Amino acid sequence: MVDTPNKDLLKVAQAVRENAYAPYSKFHVGAAILAADGQIYAGCNVENAAYPEGQCAEASAISAMVSGGSLEIRQICIVKKGGGLVAPCGGCRQKINEFAGADVPIFVQGADGALQSYTLGELLPAAFGRNNLEVGT
Ligand code: THU
């Protein structure tokens, strides 16, 4: 397990968190991805008056990564404003799984504000992924 995030990952996640558009939940989230191309891609949550249309920070960061031409997550860091626990929702775990292996570290801000490290495999065991679609074809 990787315990140390890329040195810029936390700073980038904290910076993009400032742009979060979260007038409804007031829950401001920033996510930063270190991709296989060595670039860091960032995204924040973007809410909507039609609540289900809102987008999580992780999804925004993944969109930035794919738009930038990269398809492989090496590390991801997720932070919220004001401290306290933030962990990727189930849907975002699945979205991360599309572009990351089970051993990829996910750094999240714990309840005490300190970064905690999990692997994707810990947060999404027995994941359904692209490989499953190849069965029976
Ligand atoms: N949210 C994220 O952006 N990422 C997470 O990992 C958890 C939740 C957002 C969605 C919504 O805009 C707000 O936080 C409250 O759920």
Side-chain angles (χ1 to χ4, degrees):
M1 188 166 72
V2 179
D3 291 317
T4 314
N6 165 282
K7 67 175 178 54
D8 296 323
L9 207 59
L10 176 60
K11 273 184 280 185
V12 172
Q14 288 170 331
V16 73
R17 180 185 63 188
E18 294 305 307
N19 298 332
Y21 177 72
Y24 307 108
S25 71
K26 318 275 191 226
F27 196 91
H28 296 229
V29 185
I33 291 170
L34 173 66
D37 64 1
Q39 300 293 311
I40 293 179
Y41 297 96
C44 58
N45 54 334
V46 182
E47 297 185 347
N48 192 281
Y51 293 175
E53 298 303 326
Q55 175 160 297
C56 285
E58 297 90 325
S60 297
I62 288 170
S63 293
M65 180 188 76
V66 174
S67 300
S70 198
L71 296 175
E72 196 182 327
I73 297 172
R74 289 278 161 84
Q75 297 185 349
I76 181 166
C77 177
I78 305 147
V79 293
K80 72 175 279 281
K81 197 170 182 177
L85 180 70
V86 60
C89 72
C92 284
R93 293 175 197 205
Q94 183 67 29
K95 289 185 173 88
I96 293 167
N97 185 66
E98 186 71 17
F99 302 104
D103 57 344
V104 162
I106 298 177
F107 299 98
V108 303
Q109 190 177 279
D112 61 356
L115 276 193
Q116 296 174 1
S117 165
Y118 299 94
T119 63
L120 176 59
E122 287 174 319
L123 296 185
L124 190 68
F128 179 85
R130 282 176 286 145
N131 292 347
N132 300 102
L133 294 178
E134 286 161 16
V135 176
T137 57

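In each ligand, atom 1 is the first atom listed, and ligand 1 is the first ligand listed. Keep in mind the model is a prediction, meaning the values are calculated, not measured.
Atoms CZ and CZ, from Phe99 and Arg74 in turn, are 15.0 Å apart once rounded to the nearest 0.5 Å. The distance from the CZ atom of Arg130 to the CD atom of Glu98 is 5.5 Å, given to the nearest 0.5 Å. Between atom CE of residue Met65 and atom CD1 of residue Ile40 there is a gap of 13.5 Å, rounded to the nearest 0.5 Å.
Applying the 4.0 Å criterion to heavy atoms of Cys56 picks out, from ligand 1, the atoms 1 (N), 2 (C), 3 (O), 4 (N), 10 (C). Against a heavy-atom cut-off of under 4.0 Å, Ser25 is close to the following atoms of ligand 1: 13 (C), 15 (C). For ligand 1 and Pro88, the ligand atoms under 4.0 Å from any heavy atom of the residue are 6 (O).
For Phe27 against Ala22, the heavy-atom pair with the smallest separation is O-CB, 3.6 Å.
In this model, no donor atom of one side chain and acceptor atom of the other lie less than 3.5 Å apart for Ser70 and Gln39.
Taking the side chain as every heavy atom from C-beta outward, His28 and Cys44 never approach each other to under 4.5 Å. Between Leu71 and Val66 the shortest side-chain heavy-atom distance falls below 4.5 Å.
The protein heavy-atom contact nearest to atom 12 (O) of ligand 1 is Glu47 OE2, 2.5 Å. Protein heavy atom closest to atom 9 (C) of ligand 1, with residue, atom name and distance, is Asn45 ND2, 3.5 Å. Remark: minimum distance from atom 7 (C) of ligand 1 to any protein heavy atom is reached at Ala87 O, 3.9 Å. Atom 14 (O) of ligand 1 has its closest protein heavy atom at Phe27 CD2, 3.2 Å.
When non-hydrogen atoms are compared, ligand 1 lies under 4.0 Å from the side chain of Glu58 (C-beta onward) but not from its backbone. Residue contacts with ligand 1, taken as heavy atom pairs separated by less than 4.0 Å, involve Ala57 via backbone and side-chain atoms alike.
Contact annotation: Cys92 has no heavy atom less than 4.0 Å from any atom of ligand 1.
Protein heavy atoms all stay at least 4.0 Å away from atom 16 (O) of ligand 1.
Put simply, the side chain of Glu47 gets close to the backbone of Tyr24: a donor and an acceptor are under 3.5 Å apart.
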